[in-house]
2 protein chains.
Amino acid sequence: MPRSTKPPLPARRPLVTVDIAALTIIDGRPHVLLARRPDAPGEPWPGAWALPGGFVDVDADASLEACARRVLRERTGIDAQWLEQVAAHGGRERDPRDWSITLLHAALVPVDDTRQAGGQADHVRWHPLRRNGRPKGVKLACDHGRLVAEAVARIRRKSEYTDLPVRLLPEPFTLPEMQNVFEIVLDRSIDKKAFRTRVLAGEMLEELDSARATGKRPARLYRLRDRRQLHVFRRALEGGDAAA
Amino acid sequence: MPRSTKPPLPARRPLVTVDIAALTIIDGRPHVLLARRPDAPGEPWPGAWALPGGFVDVDADASLEACARRVLRERTGIDAQWLEQVAAHGGRERDPRDWSITLLHAALVPVDDTRQAGGQADHVRWHPLRRNGRPKGVKLACDHGRLVAEAVARIRRKSEYTDLPVRLLPEPFTLPEMQNVFEIVLDRSIDKKAFRTRVLAGEMLEELDSARATGKRPARLYRLRDRRQLHVFRRALEGGDAAA
DNA sequence: CCAATAGTGTCTGTTAGACAATATACA
DNA sequence: TGTATATTGTCTAACAGACACTATTGG
């Protein structure tokens, strides 16, 4: 069959990478996981901090989510509890090597699992975030500063009307602990009573028999009924940005 | 420089396509724009209905959004008023030719612009949607049935707490017309007073001096202050699916 | 005047915010 | 018992739903 009758597959294909903005809370402040780019010749942005990412491997990856989990595990040793696609960005100028697309993901890592990343020595590190969602005091490779801010914005916005931030806590947890991570993610204080009423009415928590002694009156312990199932509240918290 | 010191670009790259689920309302019912796949030898799913889509063209496209707009225009003659990314899906089994990724987009097309697509004869056609968000009476190529449902679900969910559906109306429009498209998108009736209060309090509408005579009492005409700016309401309409 | 459509008044229920009050632990 | 933390009670405001009511047009 002559080649000219073949279907018009494109002559050139874009590079496709997956980048993961893994978020956690350390010392009461949000952090993002960054990796140092290799110094090898030909590598773009040698030595710069960047989101952990990698190319889609058509031999190894069954799906894009599988790809993201593999990349995160291989580069940082972390298995994310929560992982979601945020957006795709593409263009000619992103990567000097070729027209490239990144599939940006956001991941939430409970404080407990934070140390998994420590083993990778100096090449992987948690960096604190500013209130605007950008890493403090580091210039990131490529457009990764923007990407981090975009992922943080997505998580923040969704935290206004879902129980997303619980994924930053190891189980079991207390309601004050839960309120605390919400306040850190949303960067504002929340009324105690309103928060408790809202959360308990949501019925996504399982009440345990035990309690945790924090020094004074012990707080009751809870667990999520289904860690994969996001609970969507009927009303958003107020004071939120109302931005699209 | 020896090849082995070059940065590890992947040996094989996935196919990357953009698919667009363009939605409109015809005769009071939601429709999706479908295109017939070419019959040429080697083409997958010859003759089947599918979402209009195409490969990312690294020479022609400056960005993914530009790519989606180009593809939609070239394949259907339509310039969408509203276009947003919905999700990326990838896998080995999607396209028989290779591991492929689709960047799924949703587009909203005002009723007025619907005829632009008619010019393309039999290869492009508006198909009515079932209540479950799938096209009625057609089997779609590949996983496009699922993609249509996913795009519709996204638009529906966002319509619970934003003014998104107005993008299905040509300007100017009346409040009863606006309520009507909301009811069609959400597939349920909405209380008149609640809807008007909500919308007018949102202050995203510009009140015109004129009115439209529909036969009986004329309705006041409105226009969006900014068609690109999505208005986010503080509370969602009730009765919505609280699903993630 | 009648029919039909546009628009308003008013009541209720829900739930977030404010903040005071109570409960339970340890020292 | 005192103090710190957890948990609850109560009031208010905002706003969606229900639904009856009024307003404005054409015939």
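Note that the coordinates shown come from a computational prediction; the quantities given were computed from them, not determined experimentally. Letters go in sequence order (proteins before strands), and every chain restarts at 1.
Nucleotide C:dG7 holds its P atom 10 Å from the CD atom of B:Glu177, rounded to whole Å. Regarding B:Glu183, its CD atom lies at a distance of 13 Å from the C1' atom of D:dG17, rounded to whole Å.
With a 4.5 Å cut-off on side-chain heavy atoms, A:His31 and A:Leu129 do not count as touching.
For A:Arg146, the salt bridge (charged side-chain N to carboxylate O under 4.0 Å, His left out) test picks out no residue, with sequence neighbours left out.
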Legend entry - Worked verdict on B:Arg69 versus B:Asp79 for salt bridge (charged side-chain N to carboxylate O under 4.0 Å, His left out): CA-CA 7 Å; B:Arg69 292 196 181 275; B:Asp79 279 305; 5.9 Å; no
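Residues B:Glu183 and B:Arg188 are not paired through a salt bridge, judged by the lack of any N-O separation under 4.0 Å between the basic side chain and the carboxylate.
For B:Tyr222 and B:Phe173, the gap between ring centers reaches or exceeds 6.0 Å.
For B:Lys216, whose side chain is taken as the heavy atoms from C-beta onward, the closest listed nucleotide among D:dT7, D:dA4, D:dG26 is D:dG26.
If you check distances only, the side chain of A:Arg217 never reaches the base of C:dA25 with a donor-acceptor pair under 3.5 Å. Counting distance only, with no hydrogens placed and no angle test, the side-chain atoms of A:Arg235 and the base atoms of C:dA16 include no donor-acceptor pair under 3.5 Å.
Residues from residues 190-206 of chain B placing a heavy atom under 4.0 Å of any atom in DNA chain D, listed by number, are B:Asp191, B:Lys193, B:Ala194, B:Arg198.
By the 30° and 60° cut-offs, the orientation of the rings of B:Tyr161 relative to A:Tyr161 is tilted.
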